[in-house]
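Keep in mind the model is a prediction, meaning the values are calculated, not measured.
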Amino acid sequence: MKGGIQGLKISQVSLVLIGLVCLTVLALAWTKTTFLTSFIPTQSRVLQLDLEAGPKEILVGYNNSVQTETKQESLSSSGTEVAVERENIENVATTDKGENPASVPDKLPGGKSKSEQAEIAPENSSTVDSSAGTDQTRNLSTNTGKKESLPNVLERKGSEDSGGKNKSKQEETVPKESLTVEPSVKREQTSNSSAISGEKDCNYAKGKWVFDDNWPLYSGYGCKQWLSPMWACRLTQRTDFEYERLRWQPKDCKMEQFTGRKFLERMRHKTLAFVGDSLGRQQFQSLMCMVTGGEERPEVQDVGYKYGLVKARGAVRPDGWAYLFPRFNATILYYWSASLCDLEPINASNPKTDVAMHLDRPPAFLRRFLPGFHVLVLNTGHHWNRGKLNANRWVMYVGGVPNTNRKFAEIGGAKNLTIHSIVKWVDSQLPLYPHLQAFLRTMSPRHFFNGDWNTGGTCDNTTPLSGGKEVLQDKSSDPGTASAVIGTRVKLLDITALSQLRDEAHISRYSIRATPGMQDCLHWCLPGLPDTWNELLFAQLSSPTKP
């Protein structure tokens with residue numbers, strides 16, 4: 001009996017103990033759920049703290065496997081969803097820091113600069129491509145050099161933001177934003193730079209003429225300090241001047257408006273040289289009038305002596321002119337070289353000697369002074385005829401000896417050889433002088449009707465744009481000149497087609513003395529068409545900040 005009672009007590013005690021253990025476990029479980037949660041921050045609070053760290057912390061790398069997983073997951077969504085998610089992450093970045101994507105710090109995680117980051121991402125980084133996305137994610141993880149543990153990344157996922165959207169979608173867009181924000185900034189900066197110096201894809205020769213009451217840029221009655229009287233049509237008997245009000249408007253781009261101050265600022269501590277025939281001289285005089293507004297500038301210094309541009313004894317004029325604007329230390333000069341060939345007297349002791357016309361050798365003036373130039377504008381064309389060559393006693397030379405090649409003996413072949421030779425030479429010099437920009441201007445058209453300059457040819461039309469106002473072609477109307485610059489760093493200043501529409505703007509029969517004679521249907525009235533050539537030149541010059 002005693003043993004039975006003891007056995008019963010032992011079993012009862014065991015049951016009591018088991019019950020107590022169960023109650024203890026339940027109590028502990030209940031206590032942990034209600035008590036500890038008050039001390040554990042919610043997942044949304046963890047994510048909020050990370051976002052408050054700013055865009056830089058958002059860009060700090062995720063580990064490689066998680067990036068690839070989230071990237072592939074986002075790529076499976078539709079294009080519209082990708083666009084929405086991209087917009088959402090931009091809103092997060094701007095809301096938290098009050099900045100736009102362009103305000104991302106210059107240095108990215110891992111010490112990479114903007115340019116380096118842009119080079120890592122492919123040019124078409126904005127396009128959704130799974131292989132490209134995987135490569136970009138891998139590159140970003142490698143460059144940042146920072147990894148985050150998987151639990152931390154998972155901790156950020158699964159909670160909802162104030163808008164009720166799943167945070168996992170935002171996590172998917174973070175790597176994509178971090179990959180695309182920097183290249184987009186770089187592309188924006190590049191496009192802004194192109195807008196200053198002239199867009200590469202802009203065809204300034206394609207466009208139309210429009211009337212503008214703000215033109216011309218200077219008075220035809222002034223600019224006597226720079227403008228030859230024979231080209232100042234306001235001083236002649238001409239009474240119609242509608243041609244002065246025409247402005248060229250390119251079709252595919254906006255051309256920067258010319259002002260004298262902006263031009264001189266762009267040319268600060270620089271030298272611009274026109275080298276060519278009398279049409280190059282017109283462009284030079286036009287630019288001097290445009291820069292000064294046609295006003296007298298006594299502070300401008302004649303520095304022609306520095307370049308040997310002085311009037312020789314018995315000469316009508318010097319071989320060119322050079323003027324310095326002291327305030328900007330900017331020089332504008334012109335050198336007469338009608339053929340762009342090197343001219344060398346065959347017998348220097350004989351005043352009537354023939355002159356060797358070296359078709360494949362640039363002028364000695366260029367070979368000597370090119371290192372000091374920052375902008376070079378070349379042109380030739382109208383002296384390439386047998387009458388001019390004979391009158392000047394020019395004898396064609398190739399390779400330092402008289403030419404015996406029949407192909408080059410023809411005027412067209414000789415001109416072609418010269419243009420290609422000088423462009424090739426200038427192009428070879430550009431790497432030596434990286435500050436230099438070189439242009440080859442296409443031919444200025446003539447408008448002789450019913451004859452030529454010496455056979456009664458005329459250009460009596462005074463109605464602007466009677467033959468049309470628009471140029472729609474993409475190719476140059478001077479293919480010979482245009483072909484010379486192909487494959488080189490020499491730029492084409494294409495003025496032929498737009499000038500072809502302006503037959504009313506020539507000097508024509510007008511002169512200061514009002515004497516009858518041959519009409520000038522080659523040169524232009526100033527103010528006039530050469531002003532437009534300089535506007536196109538200005539639009540294509542590099543930014544003043546470029547050395």
*May I ask you to decide if the ring planes of Phe369 and Phe365 are parallel, tilted or perpendicular, using 30° and 60° as cut-offs?*
tilted
*Give a yes or no answer on whether the side chain of Asn534 reaches the backbone of Gln283 with a donor-acceptor pair at less than 3.5 Å.*
yes
*Check whether any side-chain heavy atom of Met290 sits under 4.5 Å from a side-chain heavy atom of Glu535, and report yes or no.*
yes
*asked:* Can a donor-acceptor pair be found, under 3.5 Å and without considering hydrogens, that links the side chain of Asp531 to the backbone of Gly528?
replied: yes
*Hey, what do you get for CG (Leu340) to CZ (Arg361), rounding to the nearest 0.5 Å?*
15.0 Å
*Salt bridge present between Glu265 and Arg268 (N-O < 4.0 angstrom)*: yes
*Determine yes or no for a side-chain-to-main-chain donor-acceptor pair under 3.5 angstrom, with Asp342 supplying the side chain and Ala364 the backbone.*
yes
*Quick one: NZ on Lys424 to OG on Ser421, what's the gap to the nearest 0.5 Å?*
7.5 Å
*asked:* Using 30° and 60° as the class boundaries, would you call the ring planes of Trp336 and His383 parallel, tilted or perpendicular?
replied: perpendicular
*asked:* When you measure from the side chain of Thr496 to the backbone of Ser444, do you find a donor-acceptor pair of N or O atoms at a distance under 3.5 Å?
replied: no
*Could you tell me which non-hydrogen atom of Ser476 sits nearest to which non-hydrogen atom of Leu492, and how far apart they are?*
CB-CD2, 4.4 Å
_Ion pair Arg406/Glu410, N-O distance below 4.0 Å_ = no
*Phe258 and ring pair (Phe, Tyr, Trp, His ring centres under 6.0 Å): which partner among Phe538, Tyr218, Trp248, Trp215?*
Phe538
*Taking all non-hydrogen atoms of both residues, which atom of Arg441 and which atom of Thr481 are closest, and how far apart?*
O-CG2, 4.0 Å
*If you draw a 6.0 Å radius around CD in Gln301, do more than 12 non-hydrogen atoms from other residues or ligands fall strictly inside?*
yes
_Neighbour count above 12 (heavy atom, 6.0 Å) for Lys262 NZ_ = yes
*From Asp277 atom CG to Leu522 atom CG, the distance as rounded to the nearest 0.5 Å*: 8.0 Å
*Taking it one step at a time, do Leu536 and Leu493 satisfy side chain to side chain contact (heavy atoms under 4.5 Å, CB included)?*
CA-CA 7 Å; Leu536 268 62; Leu493 185 59; 3.9 Å; yes
_Distance (rounded to the nearest 0.5 Å) between Leu529 CG and Ser286 OG_ = 9.0 Å
*Non-hydrogen side-chain atoms of Val300 and Phe325 separated by less than 4.5 Å*: yes
*asked:* So which atom in His382 and which in Met443 form the shortest heavy-atom distance, rounded to 0.1 Å?
replied: NE2-CG, 3.8 Å
_Is it true that, when you exclude Arg368 itself, more than 12 heavy atoms of the residues, nucleotides or ligands shown sit nearer than 6.0 Å to its CZ?_
no
*Got Lys270 and His435 here, is their nearest side-chain heavy-atom distance under 4.5 Å?*
no
*Backbone N or O of Pro216 within a donor-acceptor pair of the Glu244 side chain at under 3.5 Å?*
no
*Which of parallel (below 30°), tilted (30 to 60°) and perpendicular (above 60°) describes Phe274 and Phe284?*
perpendicular
*Sub-3.5 Å donor-acceptor pair from the side chain of Thr331 to the main-chain atoms of Leu324, do we have one?*
no
*How long is the span from the CG atom in Asn379 to the CG atom in Leu440, to the nearest 0.5 Å?*
8.0 Å
*Nearest atoms (heavy-atom pairs only) where Arg238 meets Cys525*: NH1-SG, 3.7 Å
*Which heavy-atom pair separates Pro318 from Lys311 by the least distance, and what is that distance?*
CB-N, 3.6 Å
*Has Arg502 got its NZ or CZ under 6.0 Å from the middle of the six-membered ring of Trp524, at an angle within 45 degrees of the ring axis?*
no
_Gap separating the CG atom of Asp213 from the CZ atom of Arg247, nearest 0.5 angstrom_ = 10.5 Å
_Heavy-atom side-chain proximity of Leu366 to Phe373 below 4.5 angstrom_ = yes
_Among His523, Gln282, Gln285, Arg317, exactly one meets side chain to side chain donor-acceptor pair (under 3.5 Å) together with Ser228. Which residue is that?_
Gln285
*Within a reach of under 6.0 Å around CE of Met518, are more than 12 heavy atoms found that belong to other residues, nucleotides or ligands?*
no
*If only atom types and distance count, is the side chain of Thr271 paired as donor or acceptor with the main-chain N or O of His374 below 3.5 Å?*
no
*Show the numbers, then the answer: is there a side chain to side chain contact (heavy atoms under 4.5 Å, CB included) between Thr455 and Phe448?*
CA-CA 10 Å; Thr455 58; Phe448 287 99; over 6 Å; no
_Looking at Ile346, is its backbone amide N or carbonyl O close enough to the side chain of Asp354 to form a donor-acceptor pair, meaning the two atoms are under 3.5 Å apart?_
no
*Using a 4.5 Å cut-off on heavy atoms from C-beta on, say whether the side chain of Gln429 contacts that of Val426.*
no
*Mind checking whether Trp453 and Cys521 have side chains closer than 4.5 Å, heavy atoms only?*
no
*Quick one: are Asn203 and Pro250 in side-chain contact, heavy atoms under 4.5 Å?*
no
_Under 3.5 Å: donor-acceptor pair, side chain of Arg489, backbone of Asp427_ = yes
*Any side-chain donor paired with an acceptor under 3.5 Å for Ser499 and Trp533?*
yes
_side chain to side chain contact (heavy atoms under 4.5 Å, CB included) evaluation trace for Val375 with Phe439_ = CA-CA 8 Å; Val375 179; Phe439 297 84; 4.1 Å; yes
*Determine, stepwise, if the pair Tyr323 / Ile332 fulfils side chain to side chain contact (heavy atoms under 4.5 Å, CB included).*
CA-CA 6 Å; Tyr323 296 103; Ile332 302 175; 5.6 Å; no
*Determine the sole option in Tyr397, Trp425, Phe408 for which the ring pair (Phe, Tyr, Trp, His ring centres under 6.0 Å) test with His358 is passed.*
Tyr397
_Side chain Tyr243, main chain Asp503, donor-acceptor under 3.5 Å_ = no
*Are the side chains of Pro530 and Leu287 in touch, meaning some heavy atoms are under 4.5 Å apart?*
no
_Can you confirm if the NZ or CZ of Arg234 lies within 45° of the ring axis of Phe241 and under 6.0 Å from the centre of its six-membered ring?_
yes
*Which atom names give the shortest non-hydrogen contact between Trp384 and Ser339, and what distance separates them?*
CZ2-O, 3.4 Å
